[in-house]
Amino acid sequence: MPMHVTPRQQDVRYDPVRERGVVPLTLHRDDGTSTDVELILEPGQVELQWAQLDRLLHRREQYLSGELR
């Protein structure tokens, strides 16, 4: 059963023909095995992920500065 995914040490790609982004990931399972997979993102999904990651970075900065506990 899948447990979590982590980014691979590989750059993202853009597919201009399909107009989508490709994010390389590794899927980790609870039995200790893993598989390389790709997250396919349409343009709107790329924008959503960017906004969510931006908020995550901002919250981390707030936590490190003591603003958020």
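As the structure is a prediction and not an experimental result, all values here were calculated from the model.
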A.B. asks: Please round to the nearest 0.5 Å and tell me the distance separating atom CD of E42 and atom CD of E47.
C.D. replies: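 The distance works out to 12.0 Å.
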A.B. asks: Does atom CZ of R29 have more than 12 heavy-atom neighbours, drawn from other residues, nucleotides or ligands, at distances under 6.0 Å?
C.D. replies: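 More than 12 within 6.0 Å, yes.
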A.B. asks: When hydrophobic residues are tied together by side-chain contacts of less than 4.5 Å, even through go-betweens, does V46 share a cluster with L48?
C.D. replies: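 Shared cluster, no.
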A.B. asks: Assess whether atom CD of Q52 is packed by more than 12 heavy atoms of other residues, nucleotides or ligands within 6.0 Å.
C.D. replies: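 For Q52, atom CD is crowded (more than 12 foreign heavy atoms under 6.0 Å).
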A.B. asks: Does some side-chain heavy atom of Q45 sit less than 4.5 Å from a side-chain heavy atom of I40?
C.D. replies: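 No, every pair of side-chain atoms sits at 4.5 Å or beyond.
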A.B. asks: Shared ILVMFWY cluster between V5 and V23, side chains joined below 4.5 angstrom?
C.D. replies: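 Yes, V5 and V23 fall within the same hydrophobic cluster.
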A.B. asks: Within the side chain of S65, is there an N or O that forms a donor-acceptor pair under 3.5 Å with the backbone of E61?
C.D. replies: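 Yes; at least one donor-acceptor contact below 3.5 Å.
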A.B. asks: Of all heavy-atom pairs between D31 and T33, which one has the smallest distance, and what is that distance?
C.D. replies: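 Answer, listing the atom of D31 first, then T33: OD1-OG1, 2.6 Å.
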A.B. asks: Which distance, rounded to the nearest 0.5 Å, do you find between the CD of Q62 and the NE2 of H58?
C.D. replies: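 The NE2 atom of H58 is 3.5 Å from CD of Q62, to the nearest 0.5 Å.
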A.B. asks: Is it true that a side-chain atom of D30 and a backbone atom of M3 form a donor plus acceptor pair closer than 3.5 Å?
C.D. replies: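 Checking the backbone N and O of M3 against the side chain of D30, no donor-acceptor pair under 3.5 Å is found.
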A.B. asks: About how many Å separate NE2 of H4 and OG1 of T26, when rounded to the nearest 0.5 Å?
C.D. replies: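 NE2 of H4 is found 9.0 Å from OG1 of T26.
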A.B. asks: Answer whether the closest heavy-atom distance between the side chains of Y14 and E19 falls below 4.5 Å.
C.D. replies: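 Answer yes - side chains close enough.
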A.B. asks: Hydrophobic cluster membership, with links at side-chain heavy-atom distances under 4.5 Å among I/L/V/M/F/W/Y: are L41 and L27 in one?
C.D. replies: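 Linked, L41 and L27 end up in one cluster.
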A.B. asks: Where the side chain of R8 meets the backbone of L25, is there a donor-acceptor pair that is under 3.5 Å apart?
C.D. replies: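 Yes; judged by distance alone, with no hydrogens or angles, the pair exists.
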A.B. asks: If I take atom CD from residue E38 and atom CD from residue Q10, how far apart are they, to the nearest 0.5 angstrom?
C.D. replies: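 Interatomic distance, E38 CD to Q10 CD, rounded to 0.5 Å: 8.0 Å.
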A.B. asks: Does Y63, at its OH atom, have more than 12 non-hydrogen atoms belonging to other residues, nucleotides or ligands within less than 6.0 Å?
C.D. replies: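 Not more than 12 within 6.0 Å, no.
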